[in-house]
Amino acid sequence: MTENNNCKQDTTAAHASQRDVAWGGCRRGETCTGAEILMRALYQENVDVIFGYPGGAIMPVYDSLYAYTGNRHSWFRHVLVRHEQGAAIAAEGYARVNGKVGVCIVTSGPGATNTLTGVADAMMDSVPMVVIAGQVGISSLGTDAFQEVDLVGIAQPICKWSYQIRRAEDVAWAVSRAFYIARSGRPGPVVLDFPRNAQTGSCAWEPVKVDSVRSYFPFPKPAEEVIRKAADLINSARKPMALVGHGVEIAGAQEELRTFLEKADIPAGKTLLGLSALPTDHPLDVGMVGMHGNYAPNVKQQECDVLIAIGMRFSDRVTGRLDRYAKQAKVIHLDIDPSEIDKNVKTDVAVIGDCKASLAAINELLIPAEHHEWRESFKSLDREESETVIEPSIHPDAGPLLMGEVVNAVSEATQGNAILVNDVGLNQMFSCRYFKFALERSIVTSGGLGTMGFALPAAVGAALGAPERTVCMFTGDGGLQMNIQELGTIMEQQTPVKVILLNNNYLGNVRQWQDLMYGHRRSFTQMLNPSYEEISRGYHIPYAVVTDRAELEEKVRLMLTTPGPFLLECAVKEEENVEPMVTPGSAIDEMMLHLDI
């Protein structure tokens with residue numbers, strides 16, 4: 001789609017007339033339906049892809065959408081998903097790889113409620129998204145009409161803003177405000193409830209641009225005094241350590257981050273969502289922190305004297321026991337959201353603002369430093385983890401195929417340039433541990449909510465949001481079946497998603513916890529699986545299976561060189577555990593390299 005600013009900038013009647021004729025709709029100032037105004041408002045926001053599923057209460061919108069898809073005036077690509085949860089999660093995947101606002105359109109009642117898992121997921125992981133849901137007409141509200149739910153009330157706790165558009169006159173304003181709120185500050189989802197009467201009602205079309213909201217200050221500017229305090233602490237540190245989170249990628253602060261780390265010579269651990277904010281091979285990257293992260297950065301968080309958290313929220317999966325977390329360190333927290341400050345970890349210096357601007361300001365005051373001895377102290381721990389866990393996982397001598405070696409083979413074959421999409425469970429932990437990242441915005445994972453079934457629709461969105469890149473999607477047999485219907489979306493759209501199924505016939509992560517904490521009582525975690533070969537054949541998706549590691553490299557190459565989508569099933573060890581692990585109730589430095597279960 002070509003960039004459009006005409007709604008705001010056209011000043012001549014000739015330009016306006018030409019554009020309106022091209023649209024085949026009403027001219028500015030002429031009468032349009034609310035559904036038609038929605039199309040124009042979405043176009044004004046530079047929307048190019050819409051994920052959705054039609055139904056009765058949203059039918060006027062879909063009727064208007066018909067004129068703008070699939071013809072020579074095709075301003076939108078509409079992706080028909082197979083379930084509304086898939087629409088919301090696909091919109092997330094789209095937004096995560098390119099920073100734009102993901103959009104989905106669904107009908108009322110169950111159509112709307114089916115999106116709410118995706119809405120909650122986007123809220124937890126700060127993903128910009130706008131959900132537009134049909135609703136019964138205003139006169140029917142409160143009557144328990146067919147497919148009526150209080151969507152605004154249900155969605156309010158799990159989104160940035162929920163609003164009911166009650167008149168056609170409010171459509172342009174509501175859409176502009178929704179996009180402004182979704183993309184500004186700490187991004188997140190917005191839910192618009194669109195009653196049928198507002199879709200069919202008419203008013204004069206005039207574009208609206210919302211660029212401020214009273215009492216909403218999305219980009220706070222940190223005080224110079226705070227910047228100075230942060231820089232002074234860092235300049236005086238002997239053992240500084242940085243924790244890099246998703247906020248760095250949201251802010252587009254990757255370059256400022258590298259300057260910061262290199263100038264002050266600071267080793268950096270990365271959260272699950274921050275893994276691609278810094279290339280894996282950067283000399284100051286010390287690995288992933290958290291429950292299944294790397295040994296060295298977890299231990300060293302308990303030794304550093306200054307801990308700089310950048311765009312992360314001190315999740316329980318990162319900190320372990322809070323009462324024993326980094327008590328020796330002065331904590332500097334850079335975040336755009338004031339509500340995150342002191343929520344979990346007490347901060348000595350709070351730098352509230354956009355990471356890109358905050359890091360740039362701190363960089364100007366940094367004194368070039370060298371912390372060679374401190375950085376070297378990570379290496380013995382790295383070697384211990386490598387010898388005990390990593391090498392046996394990616395280069396096993398014998399036995400069944402392992403998840404780590406599959407992930408490593410795909411990562412090496414794509415040279416770190418692919419986008420990693422994963423589901424939730426062992427496949428998520430193994431792929432995040434062993435996949436390598438060379439480019440930014442390269443990880444799409446459900447971090448805060450942990451949504452099983454996330455990977456398949458998210459991969460569809462990622463493939464459409466970054467069509468120039470290879471999308472490698474790892475999933476388990478449990479997660480794949482939660483949204484397996486989206487193979488139909490892949491079939492119809494021919495999205496070139498490379499699906500790697502790590503099939504162990506278990507809900508593996510739950511099984512590991514059952515073995516560890518519940519005396520091997522595996523309550524309903526073993527799975528009887530279908531024939532994925534036959535399922536792939538039914539969806540006309542190329543398929544291969546790996547049962548022997550001798551054929552792994554060849555099958556991975558086949559997958560990557562086959563045009564379009566591909567499903568590679570890997571029969572992996574049934575009872576493999578992800579190690580190391582910080583067990584629940586333990587401090588972060590009490591990480592167990594090997595689980596004796």
Side-chain angles (χ1 to χ4, degrees), residues 119-128 156-161 181-182 184-189 215-223 225-227 229-230 233-234 241-251 253 257 268-274 277 288-291 293 297-298 301-302 304 306-359 362 445-451 582 584-589:
V119 171
D121 197 280
M123 188 67 175
M124 290 285 280
D125 288 354
S126 304
V127 179
Q156 193 168 27
I158 56 171
C159 69
K160 285 187 74 175
W161 184 50
I181 291 173
S184 60
R186 181 180 182 176
S215 301
Y216 174 56
F217 307 102
F219 297 105
K221 184 178 180 181
E225 179 184 356
V226 171
I227 295 292
K229 284 182 178 179
L233 263 182
I234 296 166
M241 182 174 173
L243 299 181
V244 177
H246 190 205
V248 172
E249 297 237 86
I250 293 172
L257 173 69
K270 300 184 293 188
T271 69
L272 192 75
L273 290 172
M288 184 172 76
V289 296
M291 177 176 281
N298 278 346
Q301 286 179 80
Q302 304 291 67
C304 67
V306 175
L307 186 66
I308 309 105
I310 308 170
M312 54 87 70
R313 56 186 179 85
F314 287 113
S315 160
D316 60 301
R317 291 300 174 97
V318 167
T319 64
R321 280 185 58 167
L322 280 170
D323 63 342
R324 292 167 57 185
Y325 178 72
K327 294 301 181 183
Q328 80 293 339
K330 296 290 186 181
V331 177
I332 302 170
H333 193 174
L334 282 65
D335 205 287
I336 199 168
D337 186 354
S339 71
E340 292 295 342
I341 303 300
D342 295 333
K343 185 174 77 176
N344 295 327
V345 173
K346 177 64 178 175
T347 301
D348 293 281
V349 179
V351 184
I352 303 172
D354 180 82
C355 285
K356 188 176 183 72
S358 298
L359 283 171
I362 292 173
T445 191
S446 177
L449 198 63
T451 303
V582 179
S586 300
I588 196 68
D589 58 335

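Note that the coordinates shown come from a computational prediction; the quantities given were computed from them, not determined experimentally.
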Can you tell me how far [atom2] of [Y] sits from [atom1] of [X], rounded to the nearest 0.5 angstrom?
| X | Y | atom1 | atom2 | value |
| --- | --- | --- | --- | --- |
| Met312 | Glu340 | CE | CD | 9.5 Å |
| Ser339 | Arg313 | OG | CZ | 11.0 Å |
| Met291 | Ser586 | CE | OG | 8.5 Å |
| Lys343 | Asp335 | NZ | CG | 9.0 Å |
| Leu233 | Ile332 | CG | CD1 | 4.5 Å |
| Asp354 | Lys221 | CG | NZ | 12.5 Å |

With [X], which residues qualify under salt bridge (charged side-chain N to carboxylate O under 4.0 Å, His left out), at least two apart?
| X | result |
| --- | --- |
| Asp589 | none |
| Asp125 | Arg96 |
| Lys330 | none |

Minimum heavy-atom distance [X]-[Y], with the two atoms named:
| X | Y | value |
| --- | --- | --- |
| Ala329 | Cys304 | CB-O, 3.5 Å |
| Val331 | Thr347 | O-CG2, 3.5 Å |
| Gly448 | Met124 | O-CE, 3.3 Å |
| Tyr216 | Ser184 | OH-OG, 2.8 Å |
| Gly245 | Thr271 | CA-OG1, 3.5 Å |
| Ile227 | Ser358 | CD1-O, 4.1 Å |

Worksheet item: Could you walk me through whether Ile308 and Ile234 pass the side-chain contact (heavy atoms from CB on, under 4.5 Å) check?
Response: CA-CA 8 Å; Ile308 309 105; Ile234 296 166; 4.2 Å; yes
[X] side chain near [Y] side chain, heavy-atom distance below 4.5 Å:
| X | Y | answer |
| --- | --- | --- |
| Phe314 | Leu243 | yes |
| His333 | Val345 | no |
| Leu273 | Thr445 | yes |
| Leu334 | Ile362 | yes |
| Val582 | Asn298 | yes |
| Pro220 | Ile336 | yes |
| Leu272 | Met288 | yes |
| Gln156 | Trp161 | no |

Practice prompt. Take atom NZ of Lys346 as the centre, draw a 6.0 Å sphere, and report whether it contains more than 12 heavy atoms from other residues, nucleotides or ligands.
Written response: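 No, NZ of Lys346 has 12 or fewer neighbouring heavy atoms, counting only those of other groups under 6.0 Å.
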Worksheet item: Can any side-chain N or O of Lys160 pair as donor or acceptor with the backbone N or O of Arg186 at less than 3.5 Å?
Response: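 Yes, because the side chain of Lys160 sits within donor-acceptor range (under 3.5 Å) of the backbone of Arg186.
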Practice prompt. Taking Gln328 for its side chain and Gln301 for its backbone only, find out whether a donor-acceptor pair lies under 3.5 Å.
Written response: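 Pair found, side chain donor or acceptor close to backbone of Gln301.
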